[in-house]
Amino acid sequence: MGAFYEAFGKCIYPVMFGGAVPGKDELDKVKENLGWLDDFVKNGKFSAGTDCLTIGDLSLLATYSTMLACGIPGLDLAEYKNVEVWYQKCVKLVPNYQKVCHEGAAVMGGFYKSKLPA
């Protein structure tokens, strides 16, 4: 399991399965990972610093798409401008992105939101 997915999972799975809302430490770890990704993809690069999409980008894209769909309270994804540019570029390059990634992310995000305390 990669660091990005692991940090994200520690913020959503406790909520989804009846546990407590994760605290500042867990959220800070997600922000740290987003900061790394933001740096990796700067200047229009992909996650491996390349000019072409890699399998690593596909893995990160699945996690980031779900992160967007979840809308984790206290996490402002707009702060990571390079990640947003990378995300939009990946969405255009992945065949059938809506079907193979976005739909599942939306379902998971909806489930997460339904379990958040009111």
Mind listing the closest non-hydrogen atom pair of [X] and [Y] along with its distance?
{"X": "A105", "Y": "A69", "result": "O-CB, 3.2 Å"}
{"X": "G74", "Y": "L27", "result": "O-CD2, 3.5 Å"}
{"X": "S47", "Y": "D57", "result": "N-OD1, 2.8 Å"}
{"X": "Y112", "Y": "C11", "result": "CE1-O, 4.1 Å"}

Under 4.5 Å between any side-chain heavy atoms of [X] and [Y], yes or no?
{"X": "F46", "Y": "L93", "value": "yes"}
{"X": "F111", "Y": "M108", "value": "no"}
{"X": "L53", "Y": "V94", "value": "yes"}
{"X": "E79", "Y": "L34", "value": "no"}
{"X": "F4", "Y": "Y64", "value": "yes"}
{"X": "F8", "Y": "I72", "value": "yes"}
{"X": "L68", "Y": "L77", "value": "yes"}
{"X": "L75", "Y": "K31", "value": "yes"}

Rounded to the nearest 0.5 Å, how far does [atom2] of [Y] lie from [atom1] of [X]?
{"X": "C101", "Y": "N96", "atom1": "SG", "atom2": "CG", "value": "11.5 Å"}
{"X": "Y80", "Y": "M67", "atom1": "OH", "atom2": "CE", "value": "9.5 Å"}
{"X": "S65", "Y": "Q98", "atom1": "OG", "atom2": "CD", "value": "9.0 Å"}
{"X": "D38", "Y": "E84", "atom1": "CG", "atom2": "CD", "value": "10.5 Å"}

Q. Is it true that atom NZ of K89 has more than 12 heavy atoms of other residues, nucleotides or ligands lying nearer than 6.0 Å?
A.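 Correct, the count exceeds 12.
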query = Is a side-chain N or O of S59 found less than 3.5 angstrom from the main chain of I55, in a donor-acceptor match?
reply =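 No, S59 side chain to I55 backbone: no donor-acceptor pair under 3.5 Å.
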| In terms of ring plane angle, is the pair Y97 and H102 parallel, tilted or perpendicular, where the classes change at 30° and 60°? |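 Correct class here is tilted.
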List, one per line, each side-chain donor-acceptor pair under 3.5 Å for residues 16-26, sequence neighbours excluded.
residue	atom	partner	partner atom	Å
K24	NZ	D28	OD2	2.5
E26	OE1	G23	N	2.9

ask   = side-chain hydrogen bond (donor to acceptor under 3.5 Å, both in side chains) with K45: which of D51, N82, D39?
value =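 When D51, N82, D39 are each tested with K45, the side-chain hydrogen bond (donor to acceptor under 3.5 Å, both in side chains) holds only for D51.
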(message) Please determine whether residues V85 and V91 belong to a single hydrophobic cluster, defined as Ile, Leu, Val, Met, Phe, Trp and Tyr linked transitively by side-chain heavy-atom distances below 4.5 Å.
(response) no
